Amino acid sequence: MQPFFAQRFEQVEPSFIREILKVATRPEIISFAGGLPNPHLFPVKELEAACHAVLSEQGAAALQYATTEGFAPLRQFIADRYQKLYGMQVDPDLILITSGSQQALDLLGKVLVNEGQDLIIEEPGYLGAIQAFSVYQPTFRPVTLQEDGLDLAAFDALLAAGTSARMFYGVPNFQNPSGVSYSAENRRAIAERLQQHDLLMIEDDPYGELRFEGELLDPIAKLAPNNTVLLGSFSKTVVPAFRLGWMVVPEWLHKKVTIAKQATDLHSNAFSQQILHRYLTSHSLDEHLQQIKEVYGRQRAAMEAALERHMPASVRWTRPEGGMFLWLTLPAHISAMALFDEAIKEKVAFVPGAPFYVRPEIQNTLRLSFSCVDEATIEEGVQRLARAMQRML
Ligand SMILES: Cc1ncc(COP(=O)(O)O)c(C=O)c1O
């Protein structure tokens, strides 16, 4: 038959990163492209035991349909963790378990975004958020990220100029793609503006617990709880395959997002919620995270050292204190897309920065991921990248 599509889906682009990964996963290529957590750190044996325990103790009950809000003991665990980490009071009844934080983005788009309405987003921004929100056809209004967080002058200028935006999306810890974190001061300033302008922030935080340097900083949700939806995820702290994340919503939003979740999938995988909860309560998450942070911290240090050694003086990069990514800015005349082709000839891959912008004109940035590459391979990969770059300079 003649293909046909809903209008709202005509403009939605395929994930460019998935296309890149097809090239980057060839075995001869050193890949800094993927944004994957390191599989050597997955607690496989522990999850096997947890799975066995849930099935043998709960039997058929573990396999039944369950509530839309999510497994209550898991929601309680999340609330307790906010208390422990930040001294933050979170009502477990305002936590909704989602199928990864990616689903939270979709549900929030569904419930809160009108076609043509402004949506404020950091620039560069998380590609998965741009894609998820695009389905609901907002007009993206980008605000630049700086070394210490959001460019407040640009944020103020946008708000002063008048905007139909009711929402702002940002990733305050070790942002994907840039590795940038918002400083404590930046967070306070944003919280004030959310309240002053009656804006809702979608505070997406899958990396906050992967801090290998510096001090934990309070979520913006602690400072302005009625003006934030705080998203979390077990993808980077335990495993992504369970597809388990959550959102902490203000009370006024809870009923509507629950209905949206019900309409979308009834509930997230109830079996994996129980296995995860079993794992979390029979092992120390802190000890597990310590291992992840040690490995990522070492690899980040190796990448920084290799960049110092091999990159031309005209290249700049961010210094993330956690997470999985580091962001390079090339001289303005060099296109990271063109560099990608040269780099593939040298058998090294990265993600060009352009797709992370909602304005197409910025071409000279790129993302490097250090989570899955050991230190010796990082050194070799950065040397290869430097060779490709030299040819273009
Ligand atoms: C900033 C950000 N948000 C959300 C996600 C989605 O994570 P998940 O759906 O696995 O929880 C990712 C994954 O890379 C991410 O980087």
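Every number for a ligand or one of its atoms is a count from 1 in the order of the listing. Worth saying up front: this structure is predicted, and the values here are computed from it rather than measured.
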(message) Within the structure, is a non-hydrogen atom of Gly35 found at a distance of less than 4.0 Å from ligand 1?
(response) no
(message) Ser99 versus ligand 1: do any nitrogen or oxygen atoms come within less than 3.5 Å of each other?
(response) no
(request) Answer yes or no: is there an ion pair linking Arg384 with Glu380, defined by an N-O contact shorter than 4.0 Å? (result) yes
(request) Give the numbers and elements of all ligand 1 atoms closer than 4.0 Å to a heavy atom of Asn176. (result) 14 (O), 15 (C), 16 (O)
(message) If you apply the rule side-chain hydrogen bond (donor to acceptor under 3.5 Å, both in side chains), what do you find for Asn186 with Asp148, and how did you get there?
(response) CA-CA 7 Å; Asn186 200 257; Asp148 67 340; 4.6 Å; no
Kindly list each side-chain donor-acceptor pair under 3.5 angstrom involving residues 65-72, sequence neighbours excluded, with atom names and distances?
residue	atom	partner	partner atom	Å
Thr67	OG1	Gly70	O	3.3
Thr68	OG1	Leu266	O	2.9

(request) Quick one: look at Phe234 and ligand 1, take heavy-atom pairs under 4.0 Å, and tell me if it's side chain, backbone, both or neither. (result) neither
(request) Number the atoms of ligand 1 from 1 as they appear, then name those within less than 4.0 Å of a heavy atom of Arg243, with their elements. (result) 8 (P), 9 (O), 10 (O)
(request) For atom 7 (O) of ligand 1, grab the closest protein heavy atom and report residue, atom and distance to one decimal in Å. (result) Ser101 OG, 3.4 Å
(request) Determine, considering heavy atoms only, which of Pro240, Gly323, Ser235 sits nearest to atom 10 (O) of ligand 1. (result) Ser235
(request) Would you mind checking if Glu48 and Lys45 are paired as a salt bridge, meaning a charged N to carboxylate O distance below 4.0 Å? (result) no
(message) I'd like to check which ligand 1 atoms, numbered from 1 as shown, lie under 4.0 Å from a non-hydrogen atom of Pro206.
(response) 1 (C), 2 (C), 3 (N), 15 (C)
(request) Go through ligand 1 atom by atom and flag the ones less than 4.0 Å from a non-hydrogen atom of Lys236. (result) 12 (C), 13 (C), 14 (O)
(request) Answer yes or no: does an N/O atom from Gln103 fall short of 3.5 Å to an N/O atom of ligand 1? (result) no
(request) Using modelled atom types only, decide if a donor and an acceptor are shared between the side chain of His283 and the backbone of Tyr279 within a distance under 3.5 Å. (result) yes
(message) I need the nearest protein heavy-atom contact for atom 5 (C) of ligand 1: residue, atom name and distance, please.
(response) Tyr126 OH, 3.2 Å
(request) Could you tell me the residue and atom name of the protein heavy atom closest to atom 16 (O) of ligand 1, and the distance to it rounded to 0.1 Å? (result) Tyr207 OH, 2.5 Å
(message) Taking Asp286 first and then Lys84, would you say they form a salt bridge - that is, a charged N and a carboxylate O separated by under 4.0 Å?
(response) yes
(request) Please collect all side chain to side chain donor-acceptor pair (under 3.5 Å) contacts where either partner lies in residues 312-330, sequence neighbours excluded, each pair once. (result) Arg211-Glu321, Glu308-Arg319
(message) Check Arg187 with Asp218, please: is the shortest side-chain N to carboxylate O separation under 4.0 Å?
(response) no
(message) With a 3.5 Å distance limit and no angle check, can you tell me whether Asn176 reaches the backbone of Tyr126 through a side-chain donor-acceptor pair?
(response) no
(message) If you take the centroid of each ring, where Trp contributes its six-membered ring, are Phe133 and Tyr169 closer together than 6.0 Å?
(response) yes
(request) Mark up the atoms of ligand 1 that fall under 4.0 Å of a heavy atom belonging to Ser233, in ascending order. (result) 8 (P), 11 (O)
(request) Among all protein heavy atoms, pick the one closest to atom 3 (N) of ligand 1 and tell me residue, atom and distance. (result) Asp204 OD2, 2.6 Å
(request) Select one of side chain, backbone, both or neither to describe which atoms of Gln175 lie under 4.0 Å from any atom of ligand 1, heavy atoms only. (result) neither
